[in-house]
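What follows is a single structure, written as structure tokens, with notes after it.
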Amino acid sequence: MEQLKTLGRELAMGSHGQSKEFLDLIKSIGEARSKAEEDRIVLREIETLKRRINDADTPKRKMKEYIIRLLYVEMLGHDASFGYIHAVKMTHDDALLLKRTGYLAVTLFLSDDHDLIILIVNTIQKDLASDNYLVVCAALNAVCRLINEETIPAVLPRVVDLLNHSKDAVRKKAVMALHRFYQKSPSSVSHLLSNFRKRLCDNDPGVMGASLCPLFNLVSDDANSYKDLVVSFVNILKQVAEHRLPKTYDYHQMPAPFIQIKMLKILALLGSGDKQASGHMYTVLGDIIRKSDSMTNIGNAVLYECICCVASIYPNSKLLEAAADVIAKFLKSDSHNLKYMGIDALGRLIKLSPHIAEQHQLAVIDCLEDPDDSLKRKTFELLYKMTKSSNVEVIVDRMIDYMISISDDHYKTYIASRCVELAEQFAPSNHWFIQTMNKVFEHAGDLVNIKVADNLMRLIAEGFGEDDDAADSQLRSSAVESYLRIIGEPKLPSVFLQLICWVLGEYGTADGKYSASYISGKLCDIAEAYSNDENVKAYAISALMKIYAFEVAARRKVDILPECQSLIEDLLASNSTDLQQRAYELQALIGLGAEAVETIMPRDASCEDIEVDKNLSFLNEYVQQSLERGARSYIPEDERTGMGNMNNFRSQDHNESLQHGLRFEAYEVPKAPMQPKAAPVSFASSSDIVPVPEALSSRETHHISSVGSISEAGSSELKLRLDGVQKKWGRPTYSSSASSASDSYSTSQKPTNGATQVDGATAVNSKVRDSYDSRKTQVDITPEKQKLAASLFGGSTKPEKRSSTSHKVPKSNAADGAQGSKAAVVPNEVAVEKTIHQPPPPDLLDLGESAVTTAPSSVDPFQQLEGLYDPSISSGIADNVGATTNATDIMGLYSESTGSGSYSIPVSGNNANLLSELSNAPVKATSGETITTPLPQSIKGPNAKDSLDKDALVRQMGVNPSSQNPNLFSDLLG
């Protein structure tokens with residue numbers, strides 16, 4: 001107690017030396033006459049505190065005062081973050097006064113997600129285990145304010161232990177801290193909820209009252225789990241009502257009113273719809289209603305909560321009568337607060353006992369005339385619940401009058417919707433209904449929801465839902481008459497005008513009372529008066545279309561008024577496409593026959609269901625006839641645009657993304673690809689000619705018989721597996737297996753100035769393509785996905801055609817011989833073959849590809865070039881091929897020497913399978929016999945005559961090609 005007295009004195013009197021300065025600060029702030037003057041005082045104080053609070057020699061008592069002054073700075077809306085760390089340091093102090101001051105400051109300065117919270121968690125843990133219960137209480141206060149979901153486990157065990165502390169103040173604050181943990185993280189304390197039940201039986205009423213708050217939240221979440229506590233709650237409430245608690249819990253002679261209110265709220269939840277549980281409550285509720293003092297505000301609050309409880313539990317007639325008597329006292333009171341409570345309580349009892357509201361109907365109407373706006377609005381909520389067919393006119397008229405008097409647009413919209421709803425449900429007559437709706441639209445204006453207008457149109461069109469055509473016709477005629485009178489009023493709302501135009505167009509001439517000319521004139525007047533509103537003009541022109549359509553369908557002469565004709569002509573040239581279309585439709589409709597118009601625009605068919613044939617089956621016969629005459633079949637839009645079914649694609653893409661998640665297992669050891677066996681090729685003799693494809697254009701490729709063995713063969717070394725990997729850069733294609741094989745053949749060998757180059761990378765690529773094609777046959781690629789890929793990446797679903805300027809495919813034929821001696825035996829056959837397939841001259845200036853390295857030949861290369869041009873010379877040269885030890889690589893003389901990039905094909909002494917030799921790994925050129933097989937060359941290229949002329953010119957210049965200078969033209973041309 002001595003410590004508490006010391007704390008109070010120091011907080012009241014201030015510390016030595018600074019107390020007067022502190023009081024002067026508070027006084028100057030209170031006497032400030034403007035916000036600017038107050039800000040100047042606070043800013044000056046901030047500068048003073050920044051200078052003094054960082055002084056290392058500041059005494060602890062002065063530091064305490066500085067922290068309190070920082071609280072004033074923070075409360076007045078200025079930044080005091082420079083002193084937060086000093087408040088945190090003060091919580092570490094051993095002195096009780098300084099520690100409690102520090103905890104007070106940090107709970108006001110910091111939030112539960114502040115960065116400095118981590119610095120006080122350890123201090124809170126230590127203080128929760130302190131022997132001084134005041135320190136423990138201060139720490140528990142900080143726990144309720146500062147501990148977040150992440151730091152709950154750090155202090156939860158100590159808080160649970162404090163539930164059994166000897167001091168009731170500590171137990172109470174421990175229950176509050178545990179309740180706070182439940183609010184922030186229910187899962188962290190789900191195993192400790194039984195502690196709230198135990199604290200309900202605590203000897204101290206304060207601890208018991210503190211446990212009611214978490215129990216109320218638990219019952220609100222799951223009332224069935226706490227039905228067994230009904231008897232306990234009733235017994236506690238009975239003891240409280242009988243003054244069993246100490247006098248310290250009384251408030252204005254009312255025993256523990258806040259505990260009673262919380263108990264009543266819990267009982268209302270537990271007794272809702274439960275007759276057995278409610279039976280335990282009737283007695284205690286009747287006692288509280290009878291004993292409560294209605295002369296005090298707190299007594300009336302308990303009575304109001306009793307009424308709410310009676311309205312929630314299973315109904316009891318005696319309790320309802322007692323509650324009605326209390327409500328009557330509230331409504332007769334002069335206090336607006338009591339009247340407000342009476343109106344609200346009456347609204348709760350209407351559901352259980354409607355006759356109670358009838359007794360207080362006049363009192364409720366009197367509340368509408370009260371100047372208190374809050375009371376009026378609460379009364380209108382009650383009136384909406386009290387409305388019946390007998391009182392709907394009075395209530396709706398009062399609501400409309402109040403709607404006219406207020407300026408709150410939001411509440412005006414709310415009242416208008418309520419009036420419309422009540423008029424639709426309880427309208428005593430058609431005339432009253434139309435007049436009421438006119439008032440609502442006229443005074444609420446555009447604040448009325450557009451749905452209200454739609455509902456009113458539907459109601460007028462459908463009638464009252466009974467088979468009484470006379471009543472429906474009377475309703476529509478009444479609406480037409482009232483709207484014709486209202487048209488002349490100025491500044492009508494747009495929604496109301498749209499409604500008027502629709503009604504006049506549908507039913508303006510239905511009863512024959514008004515002519516078509518009269519109604520059309522009124523519609524034109526509306527369109528001209530509100531020419532700036534396109535929606536009103538659109539409704540007006542549509543109404544004119546209906547009026548004229550009904551006249552044409554009735555086979556009556558249509559007389560278009562001059563003002564209507566002028567309106568139509570203006571709309572035909574309108575900037576609005578909607579108005580233009582409506583005007584053209586009106587113009588076209590007038591020129592149709594009666595039967596067509598009656599079919600297009602039937603009378604009183606606005607509520608009939610329109611059957612739409614989405615498949616357009618009535619056109620099947622026409623489509624079939626067109627197809628028989630050779631017309632093309634319809635292609636769906638998704639196929640034309642290449643988009644396909646995007647929903648299926650997105651779902652498939654989502655599934656693929658889920659399959660390609662982050663994986664942590666080790667990669668598998670790559671396996672060597674299986675070597676497929678080459679198909680055996682038999683030769684009748686060593687002089688057989690290898691089949692060569694026909695002459696091809698630069699945009700077409702065909703499959704040849706030797707592709708299979710070439711593309712299937714590959715290196716036995718371990719290489720990167722690219723099976724099924726789609727190319728990400730360039731134009732991706734999904735070609736067929738035939739086109740892929742053809743492409744692999746065309747790229748597996750590269751002609752360099754007439755010489756054939758077979759590289760290993762090309763062989764691997766051909767294997768990869770075959771592997772991808774085999775994988776593609778297993779994976780189902782939908783046409784939609786192919787079209788989507790074509791649209792996104794700019795590719796094509798068809799095999800890619802080669803451009804004549806990008807890759808040149810030389811056209812030639814190949815004659816293969818097994819050995820030189822055997823080649824000499826069949827010179828005539830070779831000559832005949834070359835005569836049949838005359839190769840075009842090679843491109844001598846094509847220096848962009850790698851060349852084949854060969855030894856220099858003794859044969860004059862220019863004679864061989866002339867042989868390429870002269871068939872007779874080429875025949876003689878072919879005869880000399882077998883006699884030479886090495887076949888001369890003519891074009892290799894004019895290409896760069898690349899040892900690793902050029903390959904030659906050795907021919908062994910035995911008859912070997914040439915296709916298998918081609919499919920094997922490349923072997924470097926040797927000094928043995930070699931035969932170079934050129935690929936077919938494109939017919940497009942430089943003129944052979946020009947090339948020979950250039951050769952002759954170079955020869956005249958005295959330049960002879962040699963192995964040291966093979967790139968003759970490259971050197972000459974720089």
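Numbers for residues simply follow the sequence, beginning at 1. Note that this is a predicted model, so its numbers are computed, not measured.
In this structure, the side chain of S478 does not engage the main chain of L475 through any donor-acceptor pair within 3.5 Å. With hydrogens and angles ignored, the 3.5 Å screen pairs no side-chain donor or acceptor of Q260 with any backbone N or O of A241. In this structure a side-chain-to-backbone donor-acceptor pair under 3.5 Å is missing from T151 to A154.
Residue M281 comes nearest to L267 through the heavy atom pair CE-O, 3.3 Å, listed as atom of the first residue, atom of the second, then distance. Heavy atoms only, all atoms of each residue included: N300 and S294 are closest at OD1-O, 3.1 Å. Between L447 and T413 the shortest heavy-atom distance is O-CG2, 3.2 Å. Across all non-hydrogen atoms, the minimal contact from D127 to T91 is OD2-O, 4.3 Å. Heavy-atom minimum distance, P246 versus P205: CD-CG, 4.2 Å. The two residues L349 and A324 make their nearest non-hydrogen contact at CD1-N, 4.5 Å.
In this structure, R377 places its CZ atom where more than 12 heavy-atom neighbours from other residues, nucleotides or ligands lie under 6.0 Å away. In the displayed structure, Q276 atom CD is contacted under 6.0 Å by at most 12 heavy atoms of other residues, nucleotides or ligands. Heavy atoms from other residues, nucleotides or ligands lying under 6.0 Å from CZ of F426 number more than 12. Shown here is K439, whose NZ atom has no more than 12 heavy atoms of other residues, nucleotides or ligands within 6.0 Å. In the displayed structure, M75 atom CE is contacted under 6.0 Å by more than 12 heavy atoms of other residues, nucleotides or ligands. More than 12 heavy-atom neighbours from other residues, nucleotides or ligands sit within 6.0 angstrom of NE2 on H191. Counting non-hydrogen atoms of other residues, nucleotides and ligands closer than 6.0 Å to CD of Q474 gives a total of 12 or fewer. The environment of E149 atom CD is sparse: at most 12 non-hydrogen atoms of other residues, nucleotides or ligands sit within 6.0 angstrom.
The closest side-chain heavy-atom distance from M263 to V284 is not below 4.5 Å. Side-chain contact check for P214 versus L178: every heavy-atom pair is 4.5 Å or farther apart. Contact check for Q253 versus H243: no side-chain heavy atoms found under the 4.5 Å cut-off. A heavy-atom distance below 4.5 Å is found between the side chains of I124 and I147. The shortest distance between side-chain heavy atoms of I356 and I350 does not fall below 4.5 Å. The closest side-chain heavy-atom distance from Q425 to T387 is not below 4.5 Å. Between L269 and Y226 there is no side-chain heavy-atom pair separated by less than 4.5 Å. The closest side-chain heavy-atom distance from L192 to L163 is not below 4.5 Å.
The pair D344-R348 meets the salt-bridge criterion, with a side-chain N (NZ, NE, NH1 or NH2) lying under 4.0 Å from an Asp/Glu carboxylate O. Note on D112 versus R180: no salt bridge recorded, every NZ/NE/NH1/NH2 to OD/OE distance being 4.0 Å or above. A salt bridge links D202 with R171: the closest approach of a Lys/Arg side-chain nitrogen to an acidic carboxylate oxygen falls below 4.0 angstrom. Checked for salt-bridge contact, K329 and D325 miss the test: no charged N lies under 4.0 Å from a carboxylate O. With salt bridges taken as basic N to acidic carboxylate O contacts below 4.0 Å, one links E381 and K378.
To the nearest 0.5 Å, atom OH of residue Y103 and atom CG of residue L146 are 9.5 Å apart. The OG atom of S211 lies 4.5 Å from the CG atom of L200; values are rounded to the nearest 0.5 Å. Rounding to the nearest 0.5 angstrom, the gap separating the CD atom in E150 from the CD1 atom in I118 is 9.0 Å. D293 contributes atom CG, which lies 11.0 Å from atom NE2 of H252 (distance to the nearest 0.5 angstrom). Taken to the nearest 0.5 Å, the CD1 atom of I395 stands 11.5 Å off from the OG1 atom of T379. We find the CG-CG distance between L245 and D204 to be 10.0 Å, quoted to the nearest 0.5 Å.
Relative ring orientation between F196 and H179 is described as perpendicular, the plane-to-plane angle rising above 60° on a 0-90° scale split at 30° and 60°.
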Give the C-alpha distance, both sets of side-chain angles, the deciding distance and a yes or no for side-chain contact (heavy atoms from CB on, under 4.5 Å) between M254 and S292. CA-CA 8 Å; M254 191 72 183; S292 295; 3.7 Å; yes

Show your working on side-chain contact (heavy atoms from CB on, under 4.5 Å) between C308 and L264 and close with a plain yes or no. CA-CA 9 Å; C308 294; L264 291 170; over 6 Å; no

As a quick check of understanding, evaluate side-chain contact (heavy atoms from CB on, under 4.5 Å) for V420 and L456, giving each step before the final call. CA-CA 9 Å; V420 172; L456 180 57; over 6 Å; no

Any chance you could lay out the side-chain contact (heavy atoms from CB on, under 4.5 Å) test for E74 and L108, step after step, and finish with the verdict? CA-CA 9 Å; E74 190 84 6; L108 296 177; over 6 Å; no

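Legend: ring-ring contact (aromatic ring centres under 6.0 Å, His included) pairs involving residues 363-387, not counting sequence neighbours, sorted by first then second residue: F380-Y402. Counting only residues at least two apart or on different chains, the salt bridge (Lys or Arg N to Asp or Glu O under 4.0 Å) pairs with a member in residues 262-281 are K227-D274. Residue pairs that meet the side chain to side chain donor-acceptor pair (under 3.5 Å) test with at least one member in residues 277-288, sequence neighbours left out, are D287-R290.
Between the side chains of N148 and K184, no donor N or O sits under 3.5 Å from an acceptor N or O. At a cut-off of 3.5 Å, with distance as the only test, a side-chain donor of S111 or D113 sits close to an acceptor on the other residue. Checked by atom type, the side-chain pair D372/Y340 shows no donor-acceptor distance below 3.5 Å.
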